[in-house]
Structure formats: C-alpha cells, structure tokens
Amino acid sequence: MQFRPDGTLLEVAIGRGDAPEERPAGRWTADGRVTNGRIITATPDRLEIRWEE
C-alpha cells in the first residue's frame with residue numbers, strides 16, 4: 001500500500017503470474033481510518049487493517 005500525502009491510498013496486490021496489480025484507489029485520514037477499513041496496529045514492519053464489508 002502507498003499512503004500518499006493528499007489522503008489517497010493505493011493498494012498494490014499480487015496479480016496473475018506474481019505481477020503487481022493496482023486496485024482502485026481509496027482514502028485515508030490521520031486518525032487511522034481508511035476506505036472500507038480501520039488501521040488497528042502499525043509498526044515499522046507490519047500494518048494491520050480491519051476491513052469492513
């Protein structure tokens with residue numbers, strides 16, 4: 001994921017043949033909210049997001 005300064009986020013998933021595949025852009029806020037989810041924990045090597053359906 002790329003968290004951009006303008007409040008957008010870009011999810012890059014592993015697609016066919018292990019090639020990176022961009023998913024639709026979302027939004028994030030400084031209080032830990034992301035489009036359809038919420039950041040639960042963040043450490044230098046791990047980001048845990050609880051996704052909402």
Side-chain angles (χ1 to χ4, degrees):
M1 289 190 147
Q2 295 177 2
F3 290 85
R4 298 178 175 165
D6 66 355
T8 59
L9 68 87
L10 178 64
E11 181 182 0
V12 180
I14 297 173
R16 293 181 131 178
D18 295 332
E21 179 180 287
E22 291 184 5
R23 300 270 172 97
R27 305 249 349 130
W28 67 275
T29 60
D31 67 355
R33 295 185 189 281
V34 295
T35 304
N36 296 329
R38 182 165 181 77
I39 297 172
I40 303 302
T41 58
T43 61
D45 64 341
R46 183 177 174 86
L47 177 65
E48 185 178 344
I49 299 174
R50 179 177 296 146
W51 296 105
E52 300 168 354
E53 298 292 323

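The basis for the numbers below is simple: all heavy atoms, side chains too, and nothing from hydrogens, waters or symmetry mates. Just so it is clear, the model here is predicted, and its values are computed rather than measured.
- The cluster map of Ile, Leu, Val, Met, Phe, Trp and Tyr, joined by side-chain heavy atoms under 4.5 Å apart, puts Val34 and Leu47 in the same cluster.
- Other residues, nucleotides and ligands contribute more than 12 heavy atoms inside 6.0 Å of the CD1 atom of Ile40.
- In summary, Arg33 and Asp31 engage in a salt bridge, as defined by a charged side-chain N under 4.0 Å from a carboxylate O.
- Other residues, nucleotides and ligands contribute only 12 or fewer heavy atoms inside 6.0 Å of the CZ atom of Arg50.
- Distance alone, capped at 3.5 Å, is enough to place a donor-acceptor pair between the Trp28 side chain and the Thr8 backbone.
- More than 12 heavy-atom neighbours from other residues, nucleotides or ligands sit within 6.0 angstrom of CG on Asp6.
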>> Run Glu48 and Ile39 through side-chain contact (heavy atoms from CB on, under 4.5 Å) and show every step you take.
In response: CA-CA 6 Å; Glu48 185 178 344; Ile39 297 172; over 6 Å; no

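- Distance CD/Gln2 to CD/Glu11: 11.5 Å, rounded to 0.5 Å.
- Contact detail for Val12 and Pro20: the closest heavy-atom pair is CG1-CB, 3.7 Å.
- Between Leu9 and Arg27, the shortest heavy-atom distance links the atoms CD2-O, 3.6 Å.
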